[in-house]
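A short write-up of the structure that comes next.
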Amino acid sequence: MTRIASQLDEHFNQQLRQWLPGVEVLSLPRGLPCGLPADIEVLLAAPHADFRNAPVPPAGWPFGLRFVQLVTSGLDYFPRWLFQDLPVASARGSTAESIAEFALAAIFAAAKQLPQVWIERAEHWQQRPLASVAGSTLGLFGFGSIARELAPKAQALGMQVLALRRSAQPFEVPGVEAVADLQELFARADHLLLAVPLTEQTRGIIDADVLAAAKPGLHLINIARGALIDQPALLQALDTGRIALASLDVADPEPLPEGHPFYRHPGIRLSPHTSANSPRVYLNIARLLGRNLQRWGDGLPLENPVEIQRGY
């Protein structure tokens, strides 16, 4: 019987035991994994500040582990040494459906002025002009699993979809138009989703120059990482009206400290990094773990192998 240590909560671990019969699951607290039994073969690793900020591995690392399965697609929640001694797989793609749905909800909320359009008193009974989703343009910065999930949904609603990614390969979704650079993407989009990993190349990439190129009234959506955006520059772009609305499911740092201007700015809709939080995501992670256990047993490469040099 394969034994794994899971840093997700006990409710998930109980489900995991049902979903993966023949696998024994040891519930492990979040944080730096210390003193794992020698017969634990796989660590299901979850983010935690004590883990992320640990400068060196715990004594005895990597114990008897064969590989590490992350529960996130991003690597920035984990220390560099985690990727040096063992194969590591990310959870890339597990959250795509849920996050794409969240992005669509943000688009509809912006276009239809939700929840402001709801009224509670008779004197508020007055029609107001609303925007149309059909005929608008969606910009996608990055074309990984989330963008591939979102693009056909947006097209089905009558949106034009533009995208920019590092690879020169054709987009996997027919009808998606490539743009030359970030300035063009910002200049043409009505709604723009940030869906790239945080790397040294993308940190702070949405800066004052990029925001200045935005189509007036742009709705910016960030479900990736807060550090992609120069936050003071975003506040200035909102104050000048260049950006009409920013729907932010992520920030830098998380949580933002009490009194941060993002909490009270009328042009910001802030949510607590929750766009991926759905039961289907946990089922997807369990299925991915099951496939990687099978692949490891068959001597095959892991699905979603991490290449730390590229940042994902």
Side-chain angles (χ1 to χ4, degrees), residues 2-9 12-13 16 23-95 142 144-145 166 196-205 224-228 250-255 273 276 281-282 284-286 288-297 299-312:
T2 302
R3 297 193 74 207
I4 71 170
S6 169
Q7 291 190 308
L8 289 175
D9 61 66
F12 171 82
N13 294 340
L16 192 58
V23 174
E24 185 176 342
V25 180
L26 170 68
S27 294
L28 189 70
R30 292 200 183 203
L32 188 65
C34 298
L36 288 182
D39 59 350
I40 295 293
E41 298 180 66
V42 179
L43 172 64
L44 187 60
H48 190 276
D50 290 345
F51 197 169
R52 178 182 187 175
N53 298 325
V56 295
W61 178 264
F63 312 111
L65 294 173
R66 304 299 182 87
F67 70 89
V68 175
Q69 173 68 63
L70 306 182
V71 304
T72 67
S73 56
L75 311 185
D76 49 309
Y77 292 126
F78 300 96
R80 190 85 177 189
W81 53 258
L82 182 68
F83 306 98
Q84 294 175 349
D85 297 316
L86 293 168
V88 179
S90 77
R92 191 169 64 250
S94 298
T95 62
S145 57
R166 182 172 61 178
V196 293
L198 179 63
T199 66
E200 289 310 308
Q201 290 71 42
T202 61
R203 185 178 297 275
I205 194 169
R225 291 293 185 269
L228 295 173
V250 290
D252 182 39
E254 292 184 3
H273 204 151
V281 168
Y282 292 105
N284 291 342
I285 291 172
L288 173 60
L289 174 60
R291 293 194 299 272
N292 272 338
L293 288 169
Q294 183 65 52
R295 293 179 69 85
W296 184 265
L300 298 172
L302 297 175
E303 185 176 335
N304 290 349
V306 166
E307 295 181 24
I308 189 65
Q309 297 80 7
R310 67 181 183 182
Y312 56 93

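Keep in mind it's a predicted model, so treat the numbers as computed, not measured.
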Side-chain donor/acceptor of [X] to backbone N/O of [Y], under 3.5 Å:
| X | Y | value |
| --- | --- | --- |
| N13 | L8 | yes |
| W61 | L82 | no |
| N304 | R92 | yes |
| Q69 | L289 | no |
| R3 | D39 | no |
| D50 | G31 | no |
| T202 | I205 | no |
| R30 | P47 | yes |
| E24 | T2 | no |

Exercise for the section: Return the orientation label for the W81 and F51 ring planes: parallel under 30°, perpendicular over 60°, tilted otherwise. Expected result: tilted
Exercise for the section: Describe, in one word, how the ring planes of H273 and Y77 are oriented to each other, choosing from parallel (under 30°), tilted (30 to 60°) and perpendicular (over 60°). Expected result: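 Because their plane-to-plane angle lies in the 30° to 60° range, the rings of H273 and Y77 count as tilted.
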Exercise for the section: Output yes when D252 and R225 qualify as a salt bridge under the 4.0 Å nitrogen-oxygen rule, no when they do not. Expected result: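 No, D252 and R225 are not salt-bridged.
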Problem - Student check: side-chain heavy atoms of F63 and P58 closer than 4.5 Å - result: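 A side-chain contact exists here, since the closest heavy-atom pair is under 4.5 Å.
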On a heavy-atom basis, which atom in [X] and which in [Y] lie closest, and how many Å separate them?
| X | Y | value |
| --- | --- | --- |
| L288 | S94 | CD2-OG, 3.9 Å |
| A89 | V306 | C-CG2, 4.1 Å |
| V71 | A46 | CG2-CA, 3.7 Å |
| F78 | A45 | CZ-O, 3.7 Å |
| P33 | L28 | CB-CD2, 4.0 Å |
| G74 | L70 | O-CD1, 4.4 Å |

Practice task
Determine, step by step, whether L75 and F83 satisfy the side chain to side chain contact (heavy atoms under 4.5 Å, CB included) criterion, reporting the C-alpha distance in whole Å, the side-chain angles of both residues, the deciding distance to 0.1 Å, and the verdict.
Solution key: CA-CA 9 Å; L75 311 185; F83 306 98; 4.0 Å; yes
Practice task
Determine, step by step, whether L16 and I4 satisfy the side chain to side chain contact (heavy atoms under 4.5 Å, CB included) criterion, reporting the C-alpha distance in whole Å, the side-chain angles of both residues, the deciding distance to 0.1 Å, and the verdict.
Solution key: CA-CA 11 Å; L16 192 58; I4 71 170; 3.7 Å; yes
Exercise for the section: Answer yes if the side chains of N292 and E303 hold a donor-acceptor pair under 3.5 Å, and no otherwise. Expected result: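 Judged by distance alone, the side chains do not pair up.
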Exercise for the section: Show the numbers, then the answer: is there a side chain to side chain contact (heavy atoms under 4.5 Å, CB included) between F67 and V88? Expected result: CA-CA 6 Å; F67 70 89; V88 179; over 6 Å; no
Taking atom [atom1] of [X] and atom [atom2] of [Y], what is their separation to the nearest 0.5 Å?
| X | Y | atom1 | atom2 | value |
| --- | --- | --- | --- | --- |
| L44 | L26 | CG | CG | 11.5 Å |
| Q294 | L302 | CD | CG | 12.5 Å |
| D76 | R52 | CG | CZ | 5.5 Å |

